[in-house]
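Because only heavy atoms are used, hydrogens play no part in the values below, and waters and symmetry mates are left out as well, while side chains stay in. So you know, we letter chains A, B, ... as the sequences are listed, proteins then strands, and number each from 1.
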Amino acid sequence: QDVPPFTEDCRTDAYPPNEKDRVKTFVLNLDLPPKERWSNLAKEKAPELKAMIQSIIDLVGSVVNVTEAIAFIDKEFALLADQLPAPYGDEMKGIATAADIPLGQVVLYNVFYEIFTL
Amino acid sequence: CTSIIAEAPNGTLYHARNLDFGLFLGWDTENDKWALTEKLRPLIINVDYQSGGKTVARAVHFTGYIGVLTGVKPGVLTLSMNERFQLDGGYVGFIKWLLGDHSGKWMGFFLRETLVSSASYEAAKSSIMTEELLAPAYFILGGNSSGQGCVITRSRETMDNLEELKKTESGWFILQTNYDNWKTPPFFDDRRTPATKCMNKMTKEKAGLAGIYNVLSTKPVMNLLTTYTALMQVNSGYLETYIRDCPQPCFPW
């Protein structure tokens, strides 16, 4: 592992990157009801989304009882969805349904920036 | 994270960023990578916000995360957010919100509102400078005209600093990592010095998305936490995003 200070010269050859790394585009139709907007994408990416949320739960489980933590997140964070400003709560409900993930876990993921600073 | 706004000699503005996330959130011992970072990469997606069949904004999302951290409103503005570490951090705002004080705004939702709804660079700037937030952050905002670029350093309730593109040392680019830009970055995480060096080496004459991508690909500007590099150009509303995976040997942050 290189150590600071930085050891690599300025790159001049990185662009264009490999096409396989280019990110695809999803069209979000704002004219749809909030619960339906993300459904197709959430369904398509459900396995990856579940794996990522499981990674957070594993992390939480390394410091507290994982079963209790999941029960707490599923119940208490789900309640937050109705308190969040529109249309975000409904969009999260739509994602939870489409990806078959407990709503509380989707809410936790969406407020992670605020909590992560802890 | 590292965000850069650069202005070409003809006045065209380019905005690009590396999004780094997952520090200390688990380590994958098999692959020598941050565990959560690795799980986030397959979720990255560009989202084209459309209303009435027309694009109103473009943003980079992690699937399932409905807030915005990087985006462009065609013809109007570009926006990115870098995390800011403060003792009075987002968890304080989160607890206050749970206790019933809903005056602060959630970061991702606030950025999405700003991106989709702002009519101008100045309106977005004013909103970012004054709105109460749940967490501190650095906002990197670009407009559609020469000289329109700034970094707004925010605490939860107040603005701590405003750095304008025109008033930077170079006068043609503005660069922000995860530390207050009026202080020296910590020796253990100095991405500002190499990024600044590479921008200066590139020169204003060669300013463009390709050149900035090269800067953002230089270690340790790119590191093991880097999930994606996004490239934006406001006038065309262009957004191009690439998943990043820093080859070893690579800095852990």
With a 4.5 Å cut-off on heavy-atom pairs, point out which of P17(A), A51(A), P16(A), A42(A) contacts chain B the most.
P17(A)
Could you give the distance from OH (Y15(A)) to OG1 (T229(B)), rounded to the nearest 0.5 Å?
11.5 Å
Please round to the nearest 0.5 Å and tell me the distance separating atom OG1 of T12(A) and atom NZ of K206(B).
9.5 Å
What's the shortest heavy-atom distance between D31(A) and G53(B), and which atoms?
OD2-N, 4.3 Å
NE2/H102(B) to CG/L84(A) distance, rounded to the nearest 0.5 angstrom?
8.5 Å
Please work out which of the three classes, parallel, tilted or perpendicular, describes the rings of F77(A) and F94(B), given edges at 30° and 60°.
parallel
Polar side-chain atom of K197(B) near backbone of D9(A) as donor-acceptor pair, under 3.5 Å
no
By a 4.5 Å heavy-atom criterion (distance strictly below it), what part of F21(B) contacts chain A: side chain, backbone, both, or neither?
side chain
Side chain, backbone, both or neither of D13(A) within contact of chain B (heavy atoms, under 4.5 Å)
backbone
Do other residues, nucleotides or ligands put more than 12 heavy atoms under 6.0 Å from the NZ atom of K204(B)?
yes
Interchain contact, I212(B) with chain A, by part (heavy-atom threshold 4.5 Å):
neither
Quick check: closest heavy atoms across P42(B) and E48(A), and the distance to 0.1 Å?
CB-CG, 3.8 Å
Heavy-atom pairs under 4.5 Å with chain A - which of Y65(B), W97(B), Y228(B) has more of them than the others?
Y65(B)
Please indicate whether L87(B) has more than 12 foreign heavy atoms, meaning atoms of other residues, nucleotides or ligands, lying under 6.0 Å from its CG.
no
Using a cut-off of under 4.5 Å on heavy-atom pairs, state which of I95(B), V215(B), I44(B), L43(B) scores highest against chain A.
L43(B)
Check whether A137(B) gets within reach of chain A through its side chain, its backbone, both or neither, counting any heavy atom under 4.5 Å.
both
Would you mind checking which part of V56(B) comes under 4.5 Å of any heavy atom in chain A, side chain (CB onward), backbone (N, CA, C, O), both or neither?
side chain
Heavy atoms of E114(A) and L134(B) approach each other most closely as CG-CB, 3.8 Å
Closest non-hydrogen atom pair between L36(B) and S55(A), with its separation:
CD1-OG, 3.9 Å
Can you tell me how far CG of N110(A) sits from CH2 of W106(B), rounded to the nearest 0.5 angstrom?
10.0 Å
I need the residue from R244(B), K201(B), M222(B), E113(B) with the largest number of non-hydrogen atom pairs under 4.5 Å to chain A.
E113(B)
Among residues 85-101 of chain A, those lying within the under-4.5 Å heavy-atom range of chain B are P85(A), P87(A), Y88(A), E91(A), M92(A), I95(A)
Selection from E38(B), H61(B), R41(B) maximising heavy-atom pairs under 4.5 Å formed with chain A:
H61(B)
With chain A, the option among G67(B), G26(B), G52(B) that has the most non-hydrogen atom pairs under 4.5 Å is G52(B)
Top of V47(B), L133(B), I66(B) for chain A proximity - count of heavy-atom pairs under 4.5 angstrom
I66(B)
Tell me, for L98(B) versus chain A, whether the close heavy atoms (under 4.5 Å) come from the side chain, the backbone, both or neither.
side chain
Nearest 0.5 angstrom please: R22(A) CZ to E240(B) CD, how far?
4.5 Å
Below 4.5 Å from any heavy atom of chain A, which atoms of M81(B) appear? Answer side chain, backbone, both or neither.
side chain
Heavy atoms only: give me the nearest R112(B)-R37(A) pair and the separation to one decimal.
NH2-NH1, 3.8 Å
Please flag which part of L41(A) lies under 4.5 Å from any non-hydrogen atom of chain B: side chain, backbone, both or neither.
both
G64(B) and V106(A): which non-hydrogen atoms are nearest, and at how many Å?
O-CG1, 4.4 Å
Rounded to the nearest 0.5 Å, the OH atom of Y113(A) sits from the OH atom of Y91(B) at a distance of 13.0 Å
Please classify the contact between Q54(A) and chain B as side chain, backbone, both or neither, with a heavy-atom cut-off of under 4.5 Å.
neither
